Amino acid sequence: MTEFAGGALTGVTVLDLTRVWAGPLATRILGDLGADVIKIEAIWSRGPQAVPEADVRVSGRYPGNLAGTRPWNREGMFNKLNRNKRSLTLQLDTPEGKALFERLVVEADVVIENYTPRVMPQLGLGYERLRELNPAIVYLAMPGYGWTGPSRDFAALGTTLEPEAGLSSLMGYRDTGPYKSGVAWADPVAAMHGAAAVLIGIIDREAHPQRLGQAIELAQLEGMICFIGPRVMDVQLHAPAREGPGNRHPYYAPQGCYPCAGDDRWLAITVTSDAEWVALCRLAGFDQWLAYLTLDQRLTRHDEIDAIVATWTVTQLRDDIEILLQDHGVAACSVNDARDIVENAHLVSRHFFAEIEHPEAGRHRFPGLPIQISATPAAYRRPAPGLGEHNREILVGLLGLTDDDLARLTETKVIAEAPPN
Amino acid sequence: MSEMHSAMRTTPSSVADSEAPMKAFNEMVVVDVAGSAAGAYAGKLFSDLGARVVKVEPPAGDATRWTGPLGRRGMSTTFEYLNTGKSSLALDLRSRSGQAIFRRLCLAADVIVESFSPGPATPLADELTWHDQAVRVRISPFGLNGPNARWKSTPFTDFAVAGHMYLTGEPDREPLQGAPMQSLYAAGTHGFIGALAALYARPSLGLGQDIDVSHFEVMASLHQWTTVRYTHGGIIQRRVGNRYGSLHPSTIYRCSDGYVAFAPVGNEPLGRFLAVIGMDELLLEPRFSTGAERFASADAFDAILEPWMLDHTVNEVVELAQAVRAPVAPVNTIPGLLADAHLKERAFWVLPEGADESVLQPGPPFRMSGHEWRLRPAPEVGQGSAPWVEVLDPGAHLRQAAIVRADPS
């Protein structure tokens with residue numbers, strides 16, 4: 001029997017070539033679940049040595065708004081996405097860098113990248129080559145549009161894929177055009193599908209008599225569309241709604257975002273039954289006739305009802321009436337901001353946050369893995385790595401290179417522990 | 001999660017002596033007692049990828065069959081989409097006999113998925129679902145414990161409580177909801193991930209596990225830099241309309257025949273695009289010289305670009321931009337999406353196998369070279385349960401007592 005000191009994926013080695021958000025979040029999920037994730041980074045991948053002070057302040061992503069002498073190891077977004085990973089710098093476009101990567105492929109279980117489809121074949125590292133090196137390898141590619149089709153080489157970001165996938169057309173005020181969500185929503189959606197696909201790949205391999213790996217093509221646009229399946233079906237059967245949905249629901253009423261006392265404080269409420277509506281009317285002290293409105297009447301007179309509900313909420317503290325309404329069975333939630341989330345007592349009580357001490361960025365509270373798994377819980381074993389922090393550990397410890405080799409690789413800029421000047 | 005059972009599972013006596021083989025996907029049995037779209041989507045992922053998924057619903061049918069717009073088969077499109085390929089076991093879980101059958105079904109299950117919405121989580125009694133190899137996934141609005149575990153939610157309030165709504169919409173207007181049901185799909189996919197991780201570990205661990213996933217935590221974990229800007233820089237990110245973060249232009253522009261999503265925020269891709277349209281001198285102006293400067297002067301920047309956009313079609317803008325590798329895409333309506341040439345060429349849209357209807361559904365979220373993905377129709381009430389019913393109710397007594405509804409096929 002294997003000793004289970006770590007997470008569910010203890011013993012799984014992932015080579016992570018991904019950048020930006022979708023890919024790094026996919027590999028972080030795997031890392032939080034116990035996989036050994038080796039992040040392979042170009043020596044310039046974390047930007048230049050120095051960051052202009054104005055950019056540091058505007059971004060708000062450096063601890064205390066200070067870049068420090070090694071800003072590339074202090075950026076919070078990177079450090080959030082790359083905990084539980086080791087960093088190996090490697091220039092894949094050099095013969096030596098590529099050869100070292102190929103030796104790692106032989107040792108690894110999974111390779112993940114989120115380049116456009118041209119890049120890996122151009123590097124001579126397409127799936128055919130990876131499979132030649134290691135038939136058991138599970139290879140996940142996460143391009144925006146997939147490996148085929150007229151848009152395959154198009155540039156994509158989460159902020160373009162969400163609107164392209166049709167989600168923005170389902171958002172917007174009742175008097176405006178389409179809206180984007182406040183995060184590049186297609187990115188985390190691709191991340192979760194990517195993590196799931198890799199898990200299927202390694203389960204298949206263990207169940208396979210020859211222990212064969214496989215290639216997985218995750219077109220981020222397509223995965224995003226899977227999150228609005230029924231709406232795609234509805235449009236083929238019924239004419240689509242012509243106005244933006246605002247904050248309305250097609251068959252719950254009222255539903256809205258209501259102003260509360262204070263600056264930019266709001267409460268989101270969905271009334272899903274007559275009983276909940278009666279409870280809300282009683283708690284707010286509304287005239288009795290209101291409580292008798294049926295669902296059809298509430299849908300028809302939604303504007304009027306919104307105005308009445310707002311006359312009550314605007315005099316109240318958001319958090320007080322959130323609790324009051326929830327205590328009486330009404331789905332009411334604060335429109336939380338960043339501070340509300342980070343300080344949320346419910347999240348804290350469930351040990352949701354990863355409190356991580358980083359040697360160059362200090363101690364911070366980050367969102368944890370939102371999967372509580374009883375016998376193999378998520379562990380936050382190590383902070384995000386410094387650039388090239390594990391060059392020696394991996395190249396000498398795992399691949400058996402010598403100190404002279406390391407010096408030469410550093411000299412020829414195949415590896416580094418700081419970005420080039 | 002039951003503390004008693006988690007303790008039981010870690011006692012050495014219940015740990016396997018030797019490694020069991022990994023079960024292949026198509027040998028796995030998944031019991032789906034989802035009360036919300038979250039669990040149903042987790043079950044759909046298992047089903048379309050080849051596991052045997054049994055949807056347990058009341059003899060009269062799951063209420064979600066008739067909630068929302070109906071499809072051609074008289075069931076809601078939401079139900080039809082979320083239950084592809086499952087068999088339906090129509091069973092009265094309120095009766096003792098129904099529970100006894102359900103218990104036997106769970107003993108055969110590798111995975112049991114429960115989900116709760118909009119109400120709080122009240123898991124099925126442990127003795128109904130537990131066995132030491134079972135992976136039990138519970139997906140709920142706020143999780144199984146904590147001070148707000150009893151709270152209600154809808155996808156609308158999930159979007160609010162987890163910090164997404166505050167970021168969406170105009171700065172001087174009320175915050176705005178996201179696309180429908182996103183918290184449920186996200187939570188369902190995380191339940192699926194948790195189940196897969198537990199299935200992967202099961203042969204070595206010798207045990208199944210309990211998975212607790214909440215809409216709130218899933219959505220709170222899926223921010224880009226929202227919490228980081230607060231914990232690191234003391235900044236509380238607010239909504240900025242259709243702009244983005246602190247860089248510009250990452251926005252939506254109106255064109256002559258629709259909208260484009262325009263996101264070349266870096267000077268290099270933006271410069272290439274502006275050169276194509278003869279406006280690259282803009283980047284020489286100090287107020288437009290960096291993404292952050294452009295964000296501070298975004299109204300002025302947009303006032304220059306908008307007239308050009310209005311003079312061109314969506315296709316023209318996308319073609320010009322992508323020719324110089326600038327990330328720009330159409331803002332698709334759903335009919336526009338269905339007509340998209342790229343998705344058509346990739347045969348993304350599919351009809352369920354053997355379905356005598358013509359409503360297309362999205363294809364797989366990812367394509368695997370060594371693993372089949374199939375789309376089969378959602379079941380009628382009780383459809384596909386015959387093999388289970390034969391085993392679980394050999395004398396047909398429970399069918400006569402209307403505790404189990406017979407397979408209509």
Side-chain angles (χ1 to χ4, degrees), chain A residues 2 8 33 58 60 63 65 76-77 149 151 154-155 157 159-160 163-164 166-167 169-170 181-183 188 192-193 196-197 199 206-207 214-218 223 225-227 229-230 233-236 247 257 268 270 326 331 333 335-338 341 346 349-350 364 367 370-372 374-375, chain B residues 6 22 24 69 77-78 81 146 148 151-152 154 156-157 160-161 163 165-168 174 178-179 185 189 194 196-197 201 204 209-210 212 217-218 221-222 224-226 228-233 235 261 263 292 322 325 327 329 331-334 337 342 345-346 362 365-370:
Chain A
T2 310
L33 287 166
V58 170
N65 293 315
M77 171 82 176
S151 306
F154 278 17
L157 292 170
T159 46
T160 61
E164 185 166 13
L167 276 79
S169 76
L170 304 172
S181 60
V183 305
M192 55 184 113
H193 281 138
L199 284 159
E206 298 310 312
Q214 59 186 305
I216 306 161
E217 175 203 14
L218 192 167
I225 295 167
C226 292
F227 272 36
M233 295 168 72
D234 293 343
V235 160
Q236 298 169 66
N247 283 326
C257 189
T270 310
Q326 286 283 1
C333 288
V335 178
N336 284 327
D337 65 23
I341 297 289
H346 181 75
S349 83
R350 280 173 54 83
H364 297 285
I371 301 171
Q372 293 198 11
S374 55
Chain B
S6 66
M22 184 73 72
T77 51
T78 303
Y81 179 67
N148 302 347
W151 282 16
K152 275 188 187 167
T154 64
F156 181 74
T157 62
V161 76
M165 192 178 283
Y166 191 75
L167 307 179
T168 309
E174 71 276 20
Y185 288 102
T189 310
L196 293 172
S204 322
Q209 303 197 49
D210 287 345
D212 172 5
E217 285 163 349
V218 165
S221 80
L222 301 179
Q224 187 160 15
W225 43 58
T226 316
V228 165
R229 294 187 84 189
Y230 175 65
T231 55
H232 287 58
I235 293 173
Q322 289 288 354
R325 302 204 41 69
V331 178
N332 276 321
T333 60
I334 307 295
L337 189 67
H342 178 76
E345 186 168 319
R346 285 173 56 76
F366 41 79
R367 305 180 188 207
M368 306 183 69
S369 65

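The basis for the numbers below is simple: all heavy atoms, side chains too, and nothing from hydrogens, waters or symmetry mates. Proteins come first, then strands; the chains are lettered A, B, ... in the order of their sequence lines, and each starts at number 1. None of the values given here were measured: they were computed from a predicted structure.
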| request: Sort B:Gln322 into side chain, backbone, both or neither according to what part of it lies under 4.5 angstrom from a heavy atom of chain A. | output: side chain
| remark: Applying a strict 4.5 Å limit to non-hydrogen atoms, the region of B:Pro362 in contact with chain A is side chain
| Considering all heavy atoms of both residues, which atom of A:Gln214 and which atom of B:Ser369 are nearest to each other, and what is their separation? | CB-OG, 3.2 Å
| field | Atom pair OH/CD1 of B:Tyr230 and A:Ile341 - distance to nearest 0.5 Å | value | 12.0 Å
| task | Check whether any side-chain heavy atom of A:Ile225 sits under 4.5 Å from a side-chain heavy atom of B:Leu337, and report yes or no. | result | yes
| task | Heavy atoms only, distances under 4.5 angstrom: which of A:Gly229, A:Pro367, A:Ala196, A:Gly166 has the most pairs with chain B? Name it, please. | result | A:Gly229
| field | Region of A:His193 that comes under 4.5 Å of a non-hydrogen atom in chain B | value | both
| field | Which of B:Gly178, B:Gly194, B:Gly370 touches chain A most, by non-hydrogen pairs under 4.5 Å | value | B:Gly370
| query | What is the distance from atom CZ of B:Phe156 to atom SG of A:Cys333, rounded to the nearest 0.5 Å? | reply | 10.0 Å
| Side chain, backbone, both or neither: which part of B:Leu196 has a heavy atom under 4.5 Å from chain A? | both
| task | Give the member of A:Ser349, A:Pro188, A:Gly223, A:Gly182 that has the highest number of heavy-atom pairs under 4.5 Å with chain B. | result | A:Gly182
| message | Tell me the closest heavy-atom pair linking B:Val161 and A:Asn336, and the distance in Å. | response | O-ND2, 2.7 Å
| query | Going by heavy atoms in the side chains, are A:Glu217 and B:Arg346 under 4.5 Å from each other? | reply | yes
| note | Max heavy-atom pairs within cutoff under 4.5 Å with chain B, candidates A:Val58, A:Thr270, A:Asn247, goes to A:Asn247
| field | Gap separating the CZ atom of A:Arg350 from the CG atom of B:Asp212, nearest 0.5 angstrom | value | 4.0 Å
| message | Which heavy atom of A:Phe227 sits nearest to which heavy atom of B:Thr189, and what is that distance? | response | CZ-OG1, 3.7 Å
| task | Look at B:Arg229, B:Met22, B:Glu217 and state which one has the largest set of heavy-atom pairs under 4.5 Å with chain A. | result | B:Glu217
| Can you check whether A:Cys226 reaches B:Phe366 side chain to side chain, under 4.5 Å on heavy atoms? | no
| remark: From the list A:Leu218, A:Leu170, A:Thr160, the residue making the most non-hydrogen contacts under 4.5 Å with chain B is A:Thr160
| remark: Scored by heavy-atom pairs under 4.5 Å with chain A, the best of B:Ile235, B:Thr226, B:Thr231, B:Leu222 is B:Leu222
| query | Once you round to the nearest 0.5 Å, how far does CD of A:Gln326 lie from NZ of B:Lys152? | reply | 8.5 Å
| message | Please report the interatomic distance CD(A:Glu206) to OG(B:Ser204), rounded to the nearest 0.5 Å. | response | 8.0 Å
| chain A contacts, top residue of B:Leu167, B:Val331, B:Asn148 (heavy-atom pairs, under 4.5 Å) | B:Asn148
| note | Greatest number of non-hydrogen atom pairs under 4.5 angstrom with chain A, of B:Gly233, B:Ala292, B:Ala24, falls to B:Gly233
| Value rounded to 0.5 Å, distance of CD in B:Gln209 from OG in A:Ser374 | 4.5 Å
